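First up is the structure itself, then whatever we jot down about it.
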2 protein chains.
Amino acid sequence: MSRAEPGGRRHAAQQAPELTGQAEDYLKAIYELEQGDAAAGTNAVASRLGIAAASVSGMLQRLARLGLVHTERYRGTRLTESGRAVALQLIRRHRIIESYLVSRLGFAWDDVHDEAERLEHAASTELIERMAHDLGNPTADPHGAPIPTVEGKVDERRFGSLASLEVGATARVSRMSDRDATLLRYLAARGIRPGASVRVVSREAFDGPIVVTVDRKQRTISPAAAANVWVEGEAAAVHTKRSAGASGRSSARRKR
Amino acid sequence: MSRAEPGGRRHAAQQAPELTGQAEDYLKAIYELEQGDAAAGTNAVASRLGIAAASVSGMLQRLARLGLVHTERYRGTRLTESGRAVALQLIRRHRIIESYLVSRLGFAWDDVHDEAERLEHAASTELIERMAHDLGNPTADPHGAPIPTVEGKVDERRFGSLASLEVGATARVSRMSDRDATLLRYLAARGIRPGASVRVVSREAFDGPIVVTVDRKQRTISPAAAANVWVEGEAAAVHTKRSAGASGRSSARRKR
DNA sequence: AACGTATTTTAGTACGTACTAACTTTTCTG
DNA sequence: CAGAAAAGTTAGTACGTACTAAAATACGTT
């Protein structure tokens, strides 16, 4: 969108920095890429947003000027408190919109991500809160992702992925990535949805298919798909395998 | 919004010109300003959009290049067939969104215009059609404005304004401008809403207040407000008074 | 027809955002 | 530790969109 919005003069009001939609997207991407102590890398941000790394460098400087991120040259970027607040509100919007579209307008759960991605920048706080209220203030979206509160609190527990469960382990599906509709349909076809109970029956060598029991039915799942499913439960073993930033190969270059 | 969207290369596909939100706004403004044979003037477009006339000149050239408008230098602008189609779809979106917000999310009718103004650019066709379906495919929005169909048909009858009714005349309120919340509250407070039945009891000289009976109760209305209320009915006399373009002094310069 | 006013366009500038190409810094690996 | 690969930055450009100031055109009036 961006109306020109003459970058310079912004009323020094505490909050309300009048961000463009793009800027918000950067903040959200950084939020999702930062983990614990690791700052978000420029390339990771670029590939998540589907734009060139050089473009990201530029925007990060702007965001730094606005006090929304801290950047250490060549070293990575992390959100400041106020950047984090913006990101969390955007995520709140996104997840409430997804929930609303599924519950009230009959959208399929694999079909709401893109819609929410656009609406989250256009919806007013009033609209979001009305939707939330109408839904009974849900705490998780249709993919199991926790919804930040108005005050910016969110459940930040990290779960292990289904791909890293040991053979024999049992767990409950907590959430899954919502960024790829094909993946969601693949998972739905196998009964994998938030709340489902899974048990790993066997795994093939060389990253072969994983055989699991899902709510008592036996199913085969590719490790790539399983890597995007997070589970919690008794025996969620860890074997992390550093796949940071690689969840969902969404480096699909923007349309152009 | 505008992602850069490198203006040049657009797949020559029949439709789907991938317009920016701003461009859509121009088309809508031109649609609303054109009447019959009169082309929309640059200044009128500028003041409706709250931007400088010079900026409009530039954009109109771009829209002309895209085949969405015809411009005759120094003479005015009108939509081409495809520009008109875009405008009508945008208006459909706007009015369905307004209807939905009022009927399903409890918004006040004077509070939906700005929200719709933003959402109309972000909502997918699928979302709009789901909303429309959920509402039972309404044909008018909460302010009485007709909703264009998916095929781009719309009731284009022009009604006389309440301000131009003769003393003694009776009419039914058909619609009113939705662009000014204060106006809408003013009208609502006087019982003026689509479908209400009005009779002009008397009018003061020098553009003084108009006394009307609204659904049997007697009320006073300022001529400026009455000019933004359109009525149909037996004795809707004409006395047109050329107020074209002046409905709602919305030249409020954009926030900056 | 001539003048003044209103309308519209051009010229020049700014900013957000993106791109490619070339360069720099960091990190990995032999 | 040296060289290569990976990651990140700068430089230069483009485009959409807006602005102000100045010039051009149209129109209404005497």
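So that the names make sense, note that chain A is the first sequence line, chain B the second, and so on, each numbered from 1. Values in this document were obtained by computation on a predicted structure and should not be read as measured data.
The residue among A:Ala54 and B:Gly41 whose nearest nucleotide of DNA chain C lies closer to the 5′ end is B:Gly41.
Neither OP1 nor OP2 of D:dC15 sits under 4.0 Å from any side-chain N or O of B:Arg62. Residue B:Thr42 has a polar side-chain atom (N or O) positioned under 4.0 Å from OP1 or OP2 of C:dT9. Contact check, A:Ser57 against D:dT10: no side-chain N or O comes under 4.0 Å of OP1 or OP2. Of the side-chain N and O atoms in B:Gln61, none sit less than 4.0 angstrom from OP1 or OP2 of C:dT9. Close to D:dT10, at under 4.0 Å from its OP1 or OP2, lies a side-chain N or O of A:Arg73. Between C:dT27 and A:Arg75, a contact under 4.0 Å exists linking OP1 or OP2 to a side-chain N or O. Neither OP1 nor OP2 of D:dA23 sits under 4.0 Å from any side-chain N or O of B:Tyr74. Neither OP1 nor OP2 of C:dA6 sits under 4.0 Å from any side-chain N or O of B:Asn43. When the side-chain nitrogen and oxygen atoms of B:Tyr26 are compared with OP1 and OP2 of D:dA18, one or more of them lie within a distance under 4.0 Å. Here A:Ser55 does not reach the OP1 or OP2 of C:dA18: none of its side-chain N or O atoms lies under 4.0 Å away.
Per the geometry, CD belonging to B:Gln22 stands 5 Å off P belonging to D:dA18, to the nearest Å. For the pair A:Leu49 CG and C:dG16 C1', the computed distance is 15 Å after rounding to whole Å. Between the CD atom of B:Glu18 and the P atom of D:dC15 there is a distance of 17 Å, rounded to whole Å. B:Glu24 places its CD atom 14 Å from the C1' atom of D:dG16, with the value rounded to the nearest Å. Across the protein-nucleic acid pair, A:Leu60 atom CG and D:dG8 atom P stand 10 Å apart, rounded to whole Å. What separates CE of A:Met59 from P of D:dT9 is a distance of 15 Å, to the nearest Å. Across the protein-nucleic acid pair, B:Leu68 atom CG and D:dG16 atom C1' stand 15 Å apart, rounded to whole Å. Whole-Å rounding puts the A:Ile51 CD1 to D:dA7 P distance at 17 Å.
Residue B:Gly58 is classed as having no contact, given no heavy-atom separation below 4.0 Å to the nucleic acid.
Residues B:Leu79 and B:Leu68 are not in side-chain contact: their nearest non-hydrogen atoms beyond the backbone lie 4.5 Å or more apart. You'll find the side chain of B:Glu120 stays beyond 4.5 Å of the side chain of B:Glu24, heavy atoms only.
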Could you give me the CA-CA distance, side-chain angles and deciding distance for B:Glu126 and B:Ser124, then say whether side chain to side chain donor-acceptor pair (under 3.5 Å) is met?
-> CA-CA 5 Å; B:Glu126 179 177 5; B:Ser124 70; 5.1 Å; no
Verdict with reasoning, A:Arg93 to A:Met131, per side chain to side chain contact (heavy atoms under 4.5 Å, CB included) | CA-CA 10 Å; A:Arg93 281 154 195 259; A:Met131 287 178 165; over 6 Å; no
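For the pair B:Arg130 and A:Phe107, the cation-pi criterion (under 6.0 Å, within 45° of the ring axis) is fulfilled.
Of all heavy-atom pairs spanning A:Gly67 and A:Thr80, the tightest one is O-OG1, 2.8 Å.
Distance from the side chain of A:Ala52 is smallest for C:dT20 among the nucleotides D:dA21, D:dA18, C:dT20.
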